[in-house]
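Reading through the structure tokens given below for one structure.
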Amino acid sequence: SERPRSFQFLAMFRRICGNVGALSSSEQVAVQDLMVGRSELLPAQDGTGAFDVKSDDGYAACTNFLAHIEAASQALGVEIGPRGYRVKFSANYRALFPDHNRHYRVDVLEASVDQQEIWVNSERYELSPEAIEQAQRLQSSWLDIVVVLDRCNSAAATTREGRGATEPTTGACATAPRPEKFELTTALFVFDTAWAHFEERYISELIAVEEKARQLVVRPVALEAQLPASELAPATPEAAALEQQFVLHVAQLNAVANFKRKGRDDLGCDILDAARAELRVTPSTSGCGREAARVLAGDVIASYKAMRGYFRKVGQCIEHVDPHLCNNAGLVARLVDWEETWELGARYVKSKPLLDAVCDTVDEIKAAQRLAPELTAMIEDCDVELFMVLPRLVVLCFLDKPLRERTALVRSLLPHRFAPLVEGDSKALTLDIELKGVYDRFKETMAMLTASPPSGFSGSSWAARHGAWEAIVRQAVVGEEARAPQACFESSAAAAERNKAIADLLNGVER
């Protein structure tokens, strides 16, 4: 709304009547610097007539101009508007506005232009009508200063044209007429008053928005403080209910702040319960593959413990949490670990058939390491070849014993290759035509290698079969140059036939 100018001048005159008169030398310098700062402001590219504060150069020019406004106001003795409201600001904003001085900031000025909405954590908040009204007054008073300075610069240009272009100058505004002291001090006072009113309203509403945004952290902090100190299973129904609420809030926080992964919000307390149940099982001595289950379950517990530790620590300095939650590096790191481990827990730890399949497959991979020591080096070095070799071995282990636990793992990885399970018949196994063809080829290859085993593997059907399996595993790991240790006396023709049969089988596996 347009301000009544007569009322403004009458009101302001009583506050600044001591500023009427000629400018002193120090005031002249401050005003000249102010005019130079105005000349360096860059127009916005949107054609609205506003000034650019988005680009680096535009932001720097506006920062410089605001500094000159502060300096000119101080030099001219313009009274500072009341800033007592700042004592109510949060710690973060008290650091930006530490005392009752002006502390003009480009981001506050920019907010008075973009005055409609605030986005935090993908949620939209609107400024109040009062804040929008104060923003419009600030913009109007800002333009009043610009108009006063532009009028003087325009007069300077006219004066230079009248005197001729040959007259020497000492700067862009060296010959510019300076604005009347009363007019400029009035404009500066009105601007400062409008700035203080908008700053109070805008920052107060921003603090309220940020406090609401931080509730996603505040709530799990409060719940964590009520949980038992141990990460073991809750001993009472009340503690179990608190833990479920805690995990639910972590999932909600993950959906908002975890921009590095999927941001899943469906990872529930049942994953934690399954991990605890697995760790309560006495380790089996029948196979070292079962340790894989304990590793997966332990990772779930470890990420849960780390998340609780984060909330205990951050609860002591909640005001320092960035309300844009994805900007908190420590929080994001914990959430990334949480989602990664709990996603694996949801897939494998919660499902006993899949967990047994993983353990069974790990036992077979360890056995393969004994047959092909090169595999151990690949695993330790995370060699790129490993990510070709492991899928081959998983499928080969399934083909070797398709009715063992490992089948559940292959079924989960290649569901389109299996017919749906028949309810009540977990042993039913129906393969699609391509996987059935690979299975038949595997049996044929094993039969061929068993019928004519390499030297050193004859003597028993078990030894012959073991030799055939070793030949397949070594070629799957090393390639066609692989030879079984005892096959050094094998004829070149027999070796070529063996290698071709295994290569044909592996080609089918890879498809």
Side-chain angles (χ1 to χ4, degrees), residues 2-41 51 53 61-87 89 96-113 133-153 155-156 173 176-203:
E2 190 174 327
R3 297 180 308 245
R5 305 290 293 182
S6 58
F7 175 78
Q8 272 190 4
F9 279 94
L10 287 172
M12 296 306 110
F13 182 81
R14 289 194 296 270
R15 303 294 295 273
I16 57 175
C17 60
N19 292 323
V20 179
L23 296 172
S24 67
S25 58
S26 61
E27 292 171 345
Q28 290 178 19
V29 172
V31 172
Q32 183 168 312
D33 288 343
L34 181 61
M35 295 172 69
V36 172
R38 159 64 189 101
S39 68
E40 293 173 347
L41 290 176
F51 296 106
V53 294
C62 191
T63 300
N64 186 55
F65 185 51
L66 287 173
H68 287 315
I69 290 179
E70 285 199 50
S73 297
Q74 185 173 355
L76 292 167
V78 177
E79 185 178 345
I80 299 177
R83 296 312 202 265
Y85 55 82
R86 287 177 176 171
V87 298
F89 284 179
L96 297 177
F97 305 99
D99 49 41
H100 289 195
N101 290 321
R102 291 179 174 87
H103 297 296
Y104 296 145
R105 294 177 57 87
V106 177
D107 47 2
V108 176
L109 182 67
E110 184 181 4
S112 72
V113 179
E133 181 181 355
Q134 298 296 347
Q136 292 168 349
R137 289 179 178 174
L138 175 57
Q139 279 297 302
S140 179
S141 61
W142 159 267
L143 293 177
D144 282 349
I145 295 177
V146 171
V147 167
V148 170
L149 298 176
D150 284 353
R151 187 162 58 245
C152 294
N153 283 328
C173 299
R178 296 178 181 85
E180 294 292 334
K181 185 175 181 180
F182 176 79
E183 183 181 24
L184 181 56
T185 52
T186 299
L188 292 173
F189 180 82
V190 171
F191 173 76
D192 184 68
T193 302
W195 183 287
H197 289 160
F198 176 68
E199 179 191 292
E200 178 182 12
R201 175 65 68 170
Y202 172 67
I203 299 298

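Both backbone and side-chain heavy atoms feed into the values below; hydrogens, waters and symmetry mates do not.
With sequence neighbours excluded, the residues forming a ring-ring contact (aromatic ring centres under 6.0 Å, His included) with Tyr104 are Phe191, Trp195, listed by chain and number. With sequence neighbours left out, the salt bridge (Lys or Arg N to Asp or Glu O under 4.0 Å) criterion links Asp99 to no other residue. In this structure, the side chain to side chain contact (heavy atoms under 4.5 Å, CB included) partners of Val106, at least two apart in sequence or on a different chain, are Val53, Tyr59, Cys62, Thr63, Leu66. Not counting sequence neighbours, Ser25 has no partner by the side-chain hydrogen bond (donor to acceptor under 3.5 Å, both in side chains) test. The side chain to side chain contact (heavy atoms under 4.5 Å, CB included) search around His100 returns Arg83, not counting sequence neighbours. Taking Glu40 as the reference, Val36, Asn64 meet the side chain to side chain contact (heavy atoms under 4.5 Å, CB included) condition, with sequence neighbours excluded.
Aromatic ring pairs are classed by plane angle as parallel below 30°, tilted from 30° to 60° and perpendicular above 60°; the pair Tyr85 and Phe89 is tilted.
In plain terms, the two heavy atoms of Ala30 and Ala72 that are nearest each other are CB-CA, 3.9 Å. Of all heavy-atom pairs between Phe65 and Gly37, the closest is CD1-C, 3.6 Å. Nearest approach of Ser112 to Gln139, heavy atoms of both residues: OG-NE2, 2.7 Å. The shortest heavy-atom contact between Leu23 and Gln28 is O-NE2, 3.1 Å.
Distance CG/Asp33 to CD1/Ile69: 13.0 Å, rounded to 0.5 Å. Interatomic distance, Leu109 CG to Leu138 CG, rounded to the nearest 0.5 Å: 6.0 Å. The distance from atom NZ of Lys181 to atom CD of Glu27, rounded to the nearest 0.5 Å, is 4.0 Å. Between the CG atom of Asn101 and the OG atom of Ser73 there is a distance of 11.5 Å, given to the nearest 0.5 Å. Expressed to the nearest 0.5 Å, how far CD of Gln134 lies from CD of Gln136 amounts to 10.0 Å. Atom-to-atom distance recorded for Leu149:CG and His68:NE2 is 11.5 Å, nearest 0.5 angstrom.
Annotation: side chain of Leu96 is not in contact with side chain of His103 (no heavy-atom distance under 4.5 Å).
The backbone N or O of Gly81 lies less than 3.5 Å from a partner atom in the side chain of Asp192, making a donor-acceptor pair.
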> What's the verdict on side-chain contact (heavy atoms from CB on, under 4.5 Å) for Arg86 and Glu199, showing C-alpha distance, side-chain angles and the deciding distance?
Replying inline: CA-CA 9 Å; Arg86 287 177 176 171; Glu199 179 191 292; 2.8 Å; yes
>> Between Arg201 and Glu133, does the salt bridge (charged side-chain N to carboxylate O under 4.0 Å, His left out) criterion hold? Intermediate values first, please.
In response: CA-CA 10 Å; Arg201 175 65 68 170; Glu133 181 181 355; over 6 Å; no
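Residue pairs meeting the salt bridge (Lys or Arg N to Asp or Glu O under 4.0 Å) criterion with at least one partner in residues 61-78, sequence neighbours excluded, do not occur; the list is empty.
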